[in-house]
Amino acid sequence: MDQLQPQLQDRLARPLRDVRISVTDRCNFRCPYCMPAEFFGEHFHFLPREDLLQFEEITRLARFFVKLGAVKLRLTGGEPLMRQQIERLVAMLSGIEGVGDLALTTNGYLLPEKAPALKEAGLHRVTVSLDSLDDAVFRRMNGGKSSVERVLQGIQAAERAALTPIKINAVVQRGVNDHTLIDLARYCKDQGYILRLIEYMDVGNQNGWRMDQVLSADEMAARIDAVMPLEPIEANYQGEVALRFRYRDGGGELGMIASVTKPFCGSCTRLRLSPEGKLFTCLFGTHSTDLREPLRAGVTDADLESIVRGTWGQRADRYSEVRAQLKQPRSHKVEMHHIGG
Ligand code: SAM
Ligand code: SF4
Ligand code: SF4
């Protein structure tokens, strides 16, 4: 790595630290807030296999991201465990020098089979999404595709495989699962899992998002604090997006992702790679930079580096900070199941 080069920054002086790699646009769940079944039914055209970046292509790109400052790689999707032989990609990425954190976000359904191979391949840890411990509520939030029990088995398999510390992501939707929040927090506290409560976001174009279904991070914290007292703690690192708290009784920590009510664009250091090789500089992006075409046309390393540098250098995204002033929601945003959370 060339140590003499100045750190890459975007137009708002934000460095590149964190890359989310989406490996598939397919999913075995149909969470209505992400992939409502009425839009993503059996006739929906998912990406054909030949359009997906190959593992060698992803790894080549990841080396550039790390060279340009990224220290954290997260595999996501769609459901990343549906990508065949994902552990082979994990092994390739874990061999890149400079990757401080290699994580994967999953709905957990396939973890009972996959956890040992992922660990063996060099994955550091997993984040498992679980919106409620109430089976009826959870089924409603995953489109009827999984029981709570199945995901808990996945989480336990990850724990046995030492894919730790385990984080649990829960999207909170007022009137849908907010009444089960305390039970989930208590369970995670007892088990030693780090809960991340996510404000329901207006990602994609199909989830029918409404502001009145957003439960603010402040309200989540107040509800939990009333039963299990909390105190705020500092961010772990620059660019951490969660507002972090610890239980006053010493029983661990939890965090809130307040993308809607307390946007954190000013410290957003994330780049996103789509399954077909497009670079997005924002979760709510409408434009992207295609890397697959140059990759398959035999681009040189120098040219590839300059495309990635140029994309980050041009970045001025701050959608969550301007959302409130928009008269109309932004249209034609990339879908969440395509680009990952
Ligand atoms: N399928 C995997 C999973 O569910 O963990 C990985 C991809 S999923 C898109 C990544 C994260 O995005 C999940 O934790 C999910 O709950 C979150 N997510 C999806 N739609 C969301 C929305 N509308 N608002 C907030 N978070 C959302
Ligand atoms: Fe699938 Fe994850 Fe989206 Fe749910 S949130 S539909 S599990 S990609
Ligand atoms: Fe980052 Fe875009 Fe989210 Fe702002 S809205 S925090 S720029 S991904």
Run the salt bridge (charged side-chain N to carboxylate O under 4.0 Å, His left out) test against Asp51 and tell me which residues pass, sequence neighbours left out. Arg292

Both conditions, 6.0 Å and 45 degrees, for the charged tip of Arg323 above the ring of Phe284: are they met here? yes

Is the charged tip of Lys189 near the ring of Tyr247: under 6.0 Å from the six-membered ring centre and within 45° of its axis? yes

Measure up the Phe29 and Phe138 rings against each other and bin them: parallel (under 30°), tilted (30 to 60°), perpendicular (over 60°). perpendicular

Going by atom types only, do [X] and [Y] share a side-chain donor-acceptor pair under 3.5 Å?
X	Y	answer
Thr76	Arg272	no
Thr180	Ser132	yes
Gln314	Asp10	no
Tyr33	Gln213	no
Glu276	Ser274	yes

So, are [X] and [Y] salt-bridged, with charged N and O less than 4.0 Å apart?
X	Y	result
Arg26	Glu79	no
Glu57	Arg296	yes
Arg88	Glu56	yes
Arg210	Asp202	no

Please say whether more than 12 non-hydrogen atoms of neighbouring residues, nucleotides or ligands are located less than 6.0 Å from [atom1] in [X].
X	atom1	result
Lys278	NZ	no
Glu321	CD	yes
His179	NE2	yes
Glu38	CD	yes

Kindly say whether Tyr109 contributes a backbone atom to a donor-acceptor pair with the side chain of Arg150 at under 3.5 angstrom? yes

